[in-house]
Every structure is written in structure tokens, then in C-alpha cells.
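For the numbers below, each heavy atom of this structure counts, side chains included, while hydrogens, waters and symmetry mates do not.
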Amino acid sequence: QLQLVESGGGLVQPGGSLRLSCVASGVTLDRFTYFTIGWFRQAPGKEREGISCIRASGGSTNYVDSVKGRFTISRDNAKRTVYLQMNSLKPDDTAVYYCAKRKLYGLGSCGVLEYDYWGQGTQVTVSS
């Protein structure tokens, strides 16, 4: 059974950086390389939104406009890990961040409904 575990969240001041990790287990290395993985976030009182996703090879990525130029998604298939480097963080970035596996192969639009297996989330708080 596939499991995804996020880590790397925490409290950071505005303008700071964090790197989130999403580690997959319960899946062979070969199978993991076919997965499209997305990062999502959910702030209090708001719907969960897709912020970035990365295709199997790592060559294709998508970002929501609000994080373009600040966040970078990458993956290390040998480690079954997908990263989200977050720079120039703002208070509006405060949320629980989740990673998830897309139901189908291909990049898609990072839409929540396109994803099935989810991690438990990691809290990111941007505050002075």
C-alpha cells in the first residue's frame, strides 16, 4: 500500500525559506518513477488548492500563479522523494501542506480531484 509522508514544515519569518519533502513507501522504485506527484495546501477556512505538480521524469512541472518564481518542485526518484523548495515566503503561504499521487499518468493541472493517495500534511507558518 502506497504511503506518502511529508516533512520539513515549521515556523519561518516572512522572506524566509523552507524545503518540504514527500517520501513514498510501499511502492517499488520502478513504479514510483511513473507517478505524477503534486503539492497542495489548505489554509484555515479555505479549500485545499494545488500549488505544484511534477511528472514522472521530472521534466514537466506546473505551478499555481501565486507561487511561480518563489517555489520549485523537484524529485529524486532513487530516493522516492519529491521536494518543494519554498523561498520568499509570505504570511499568505501559511497552511498545511500535503503531497499526493495523481490517479493517472501525465502532468494534468494539479487539481485536487485528480489525486488519490495523500499524505498527512505538514504545517507551514509564516509569521514574524
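The cluster map of Ile, Leu, Val, Met, Phe, Trp and Tyr, joined by side-chain heavy atoms under 4.5 Å apart, puts Val112 and Ile73 in different clusters. Cluster annotation: Leu18 and Ile37 are assigned to the same hydrophobic cluster (Ile/Leu/Val/Met/Phe/Trp/Tyr, side-chain heavy-atom contacts under 4.5 Å, transitive). Under the 4.5 Å side-chain heavy-atom criterion for ILVMFWY residues, a single connected hydrophobic cluster contains both Leu4 and Leu20. Note on Leu107: it does not cluster hydrophobically with Leu84, by side-chain heavy-atom contacts below 4.5 Å among ILVMFWY residues. Tyr83 and Phe40 are assigned to two separate hydrophobic clusters, defined by single-linkage of ILVMFWY side chains at heavy-atom distances under 4.5 Å.
Considering every non-hydrogen atom in both Asn62 and Gly108, the closest pair reads ND2-O, 2.8 Å. Here the shortest heavy-atom pairing between Ser128 and Pro14 reads N-CD, 3.7 Å. The two residues Ala95 and Arg41 come nearest to each other via the heavy atoms CB-CB, 3.8 Å. Closest heavy-atom contact between Leu2 and Lys101: CD2-CD, 3.5 Å.
Looking at heavy atoms from C-beta onward, Met86 lies out of side-chain contact with Asp93 at the 4.5 angstrom threshold. No side-chain heavy atom of Gln120 sits under 4.5 Å from any side-chain heavy atom of Val5. Residues Tyr117 and Phe35 form no side-chain contact, since every pair of their non-hydrogen atoms from C-beta on lies 4.5 Å or further apart. Proximity of Ser7 to Thr122: side-chain heavy atoms (C-beta onward) are nowhere separated by under 4.5 Å. Proximity of Ser17 to Val12: side-chain heavy atoms (C-beta onward) are nowhere separated by under 4.5 Å.
A donor-acceptor pair is defined here as one N or O able to donate and one able to accept, closer than 3.5 Å; no such pair exists between the side chain of Tyr97 and the backbone of Gly8. The closest donor-acceptor contact from the side chain of Thr61 to the backbone of Ile54 lies at 3.5 Å or more, if one exists at all. Remark: the backbone N or O of Ser60 is not paired with any side-chain donor or acceptor of Arg55 at under 3.5 angstrom.
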TODO: Evaluate the side chain to side chain contact (heavy atoms under 4.5 Å, CB included) criterion for residues Arg75 and Phe32: first the C-alpha distance (whole Å), next the side-chain angles of each, then the deciding distance (0.1 Å), finally the verdict.
DONE: CA-CA 11 Å; Arg75 66 192 293 160; Phe32 177 78; 3.5 Å; yes
Open item on the list: Checking Phe71 against Trp39 for the ring pair (Phe, Tyr, Trp, His ring centres under 6.0 Å) test, could you report, in this order, the C-alpha distance in whole Å, the side-chain angles of both residues, the deciding distance, and whether it holds?
Closed with: CA-CA 11 Å; Phe71 291 9; Trp39 280 100; 9.9 Å; no
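The number of heavy atoms from other shown groups lying within 6.0 Å of CD (Gln85) is above 12. Atom CD of Gln3 has 12 or fewer heavy atoms from other residues, nucleotides or ligands within 6.0 Å. Within 6.0 Å of atom CG in Leu113, 12 or fewer heavy atoms from other residues, nucleotides or ligands are found, so the atom counts as exposed in its surroundings.
Taking CD of Glu6 as the start and SG of Cys99 as the end, the distance is 4.0 Å to the nearest 0.5 Å. Within the model, atoms CZ of Arg80 and OG1 of Thr33 stand 10.0 Å from one another, a figure rounded to the nearest 0.5 Å. For the atom pair NZ (Lys68) and OG (Ser52), the distance works out to 10.5 Å, reported to the nearest 0.5 Å. Summarising the geometry, atom CD belonging to Glu114 is positioned 8.5 Å from atom NZ belonging to Lys103; distances are rounded to the nearest 0.5 Å. The structure places CZ of Arg48 at 13.0 Å from OH of Tyr115, a figure rounded to the nearest 0.5 Å. The OG1 atom of Thr28 lies 10.0 Å from the OH atom of Tyr34; values are rounded to the nearest 0.5 Å.
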